[in-house]
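Written out below as structure tokens is the structure these notes cover.
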Amino acid sequence: MFRKPAPLLLLAALTLFVLAALVLPLNRDESQYVAAVELMRYGLPFRDFMYLQTPLQPFLLAPFAFVEEGWLFLALRLANAAAAAGAIVFVYLAAKAAGGTPQRALAAAVMLALCDAMIFAGGVARNDALPVFFEALGIWLLVDTHLRIRPNRRVFLAGLAFGAAVSVKISYIVPAGVLFAVMLYEGRRDRFRSATAYALGGAVGVVPTLVLLAIAPESFLFGVFEYSLVAPQQWRMLNEQAHMLEFPTTLGRLAWFLVQGPALVVLALVLWRRFRHGGDRHGVALDWLIIAGCIAAMLPQPSFRQYVIPILPPLFVRFGAIHGPIAPRRSLRLVLALTLVLGLWRTTSESIAALRGGSPILFAVADGDWLGEHLDDSGMPGKAVSLSPERFAGGKLDIDPRFAMGPFLFRMRGLATPAEEQRMHMVTRESLDRVLSSAPPPAIVTGGEVRSTPAAPGGLDAPLRGWAERNAYRRMQSPSGILSLYLRTRHAQRRG
């Protein structure tokens with residue numbers, strides 16, 4: 001075995017996640033996160049543009065808004081690849097610090113890296129990689145008692161890490177809060193001191209969230225809470241997909257996401273070991289973190305693969321810390337091999353597709369350059385309207401901040417009044433004609449939202465296409481054939 005496997009593990013995980021970043025198709029969720037980083041050059045989340053999560057991620061990634069023109073989207077995917085690879089290393093270090101052998105800790109970290117949900121976190125520009133990085137870091141700080149940091153300072157830093165995770169993604173408030181309760185309940189004489197240090201660290205971690213709440217309370221409460229509690233469910237109902245909101249469907253989908261990789265098998269092994277052999281030094285806290293991760297995974301509706309990610313760090317740390325035989329080796333290896341194939345299946349198939357047809361993210365970069373050049377040649381000032389702002393963020397084509405959240409605000413129905421939409425920098429399908437007619441944009445970009453659904457015949461882009469055509473915008477096709485650029489003409493300018 002390698003004497004220092006952590007650097008090699010980091011390199012291997014980073015290679016896998018960078019590959020995923022290059023080959024995974026564009027995910028519509030990336031729109032809001034890429035656009036938010038770009039708009040940090042000019043303003044703040046909630047105050048100047050809507051945002052649909054707690055706001056630490058655009059603050060931390062804001063420097064990427066100044067990378068070479070046109071490369072922001074790819075840069076953010078690579079930043080997430082690095083964060084996810086860091087999480088893998090911290091899981092390895094935590095498993096070893098919790099009492100696992102180097103071999104089993106390494107095996108646990110490798111298996112985590114080969115889970116499809118983890119590959120997805122490291123391969124797209126969403127907000128999954130940063131919070132799992134902070135969660136893994138916090139677990140390592142709590143279990144590694146040999147660090148040259150005083151215990152209360154170490155617990156404070158762990159609280160800071162979990163608070164930062166909450167400030168990136170609100171669902172991490174469940175494991176962060178459960179861990180605080182465990183500290184209060186399980187501690188001895190110093191339980192209140194440790195819990196207080198953890199809480200103080202957590203409070204520092206959520207400062208960015210509290211600051212933005214104070215600056216723009218109406219937009220913050222709508223974006224972080226009201227929208228997520230109503231809009232996704234509304235969209236499924238409008239599209240005749242009410243079954244996706246039912247508990248059996250949620251449970252089945254989460255199980256399927258866990259089985260795409262060894263996570264479900266590892267969960268079964270950890271449960272079997274726990275009930276047969278009892279707990280250990282760090283087992284109770286890790287067990288509760290696994291339970292908290294399961295709760296956090298079931299809260300959002302409908303369920304998607306990224307929601308199982310909070311379960312994974314404590315689960316694989318717990319597995320990596322187990323001593324002795326776990327189950328009959330031959331049968332276990334066979335089952336784990338099958339789950340590893342399932343975990344790598346999507347990335348492998350997308351890699352083959354990219355070799356044949358090209359990298360989706362590089363196509364997006366090329367299209368973004370093309371869009372910027374043509375708008376720049378038109379000589380018209382202003383910001384472009386699109387439901388796919390991630391495809392040209394960071395280039396010459398500026399994003400209209402009212403469309404920064406891509407399709408998500410645009411598709412909601414009746415959740416805000418016209419006055420509220422104006423105050424909170426939003427445009428919906430109902431207000432599109434009024435908003436665009438009052439100030440016609442220099443360009444409209446479509447093509448990223450063409451899939452037809454019962455609630456959006458012709459795709460969500462259809463109203464933008466229709467408005468551009470009715471107002472005599474000139475249409476051009478991008479080199480990839482995916483995007484259409486509608487440029488404002490002199491005739492359209494007179495009509496506007």
Side-chain angles (χ1 to χ4, degrees), residues 25-32 34-35 38 69-74 125 357-411 427-429 431-437 439-453 455-496:
L26 274 60
N27 184 276
R28 64 162 29 159
D29 285 10
E30 294 178 281
S31 58
Q32 58 175 308
V34 178
E38 164 69 5
E69 192 172 82
W71 292 94
L72 174 62
F73 194 176
L74 178 59
S359 165
I361 186 68
L362 295 182
F363 277 137
V365 170
D367 277 354
D369 287 342
W370 178 86
L371 290 168
E373 288 171 4
H374 281 78
L375 185 67
D376 195 44
D377 292 342
S378 74
M380 292 187 182
K383 301 180 186 299
V385 164
S386 178
L387 301 183
S388 306
E390 75 281 6
R391 294 176 180 267
F392 57 87
K396 295 179 181 178
L397 196 61
D398 289 333
I399 298 168
D400 186 321
R402 297 169 299 179
F403 291 83
M405 295 299 97
F408 297 101
L409 295 173
F410 187 76
R411 72 188 188 185
V427 177
T428 61
R429 190 167 181 168
S431 60
L432 180 71
D433 283 344
R434 173 178 53 82
V435 169
L436 296 191
S437 297
I444 297 173
V445 179
T446 65
E449 293 289 337
V450 296
R451 187 169 66 88
S452 184
T453 70
L460 284 167
D461 273 339
L464 274 69
R465 289 196 305 269
W467 191 92
E469 290 165 0
R470 289 194 305 273
N471 287 272
Y473 276 56
R474 179 166 59 95
R475 180 179 177 270
M476 304 177 72
Q477 196 78 20
S478 72
S480 69
I482 296 172
L483 301 183
S484 293
L485 171 64
Y486 291 89
L487 283 175
R488 187 181 177 190
T489 62
R490 291 180 180 177
H491 178 57
Q493 189 169 2
R494 286 196 299 270
R495 294 178 65 177

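The residues of the chain are indexed from 1 along the displayed sequence.
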Nearest atoms (heavy-atom pairs only) where [X] meets [Y]:
| X | Y | answer |
| --- | --- | --- |
| D433 | W467 | OD1-CD1, 3.1 Å |
| A393 | E38 | CB-CB, 4.1 Å |
| Y473 | R488 | CD2-N, 3.5 Å |
| L387 | P407 | O-CD, 3.4 Å |
| K383 | P401 | CD-CD, 3.7 Å |
| E390 | F73 | O-CD1, 3.3 Å |

Problem set entry | By salt bridge (Lys or Arg N to Asp or Glu O under 4.0 Å) - contacts of R28 (at least two apart) |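 For R28 the salt bridge (Lys or Arg N to Asp or Glu O under 4.0 Å) partners, ignoring immediate neighbours, are E449.
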
Taking the side chain as everything from C-beta on, heavy atoms only, tell me whether [X] gets closer than 4.5 Å to [Y].
| X | Y | answer |
| --- | --- | --- |
| L74 | L362 | yes |
| L485 | L487 | yes |
| P389 | S31 | yes |
| V427 | L432 | yes |

Hey, what do you get for [atom1] ([X]) to [atom2] ([Y]), rounding to the nearest 0.5 Å?
| X | Y | atom1 | atom2 | answer |
| --- | --- | --- | --- | --- |
| L26 | I361 | CG | CD1 | 5.0 Å |
| L371 | K396 | CG | NZ | 12.0 Å |
| N471 | L436 | CG | CG | 8.5 Å |
| S386 | L397 | OG | CG | 8.5 Å |
| W370 | L483 | CH2 | CG | 8.0 Å |
| L464 | E469 | CG | CD | 11.0 Å |

For this session: Please report the C-alpha distance between S484 and Q477 in whole Å, then the side-chain angles of each, then the deciding distance to 0.1 Å, and finally whether the side chain to side chain contact (heavy atoms under 4.5 Å, CB included) criterion is met.
Result: CA-CA 5 Å; S484 293; Q477 196 78 20; 3.3 Å; yes

Short side-chain to backbone donor-acceptor contact, [X] and [Y], under 3.5 Å:
| X | Y | answer |
| --- | --- | --- |
| D400 | R402 | yes |
| R391 | G448 | no |
| R429 | A456 | no |

Exercise. Is it true that atom CZ of R475 has more than 12 heavy atoms of other residues, nucleotides or ligands lying nearer than 6.0 Å?
Worked result: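 Correct, the count exceeds 12.
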
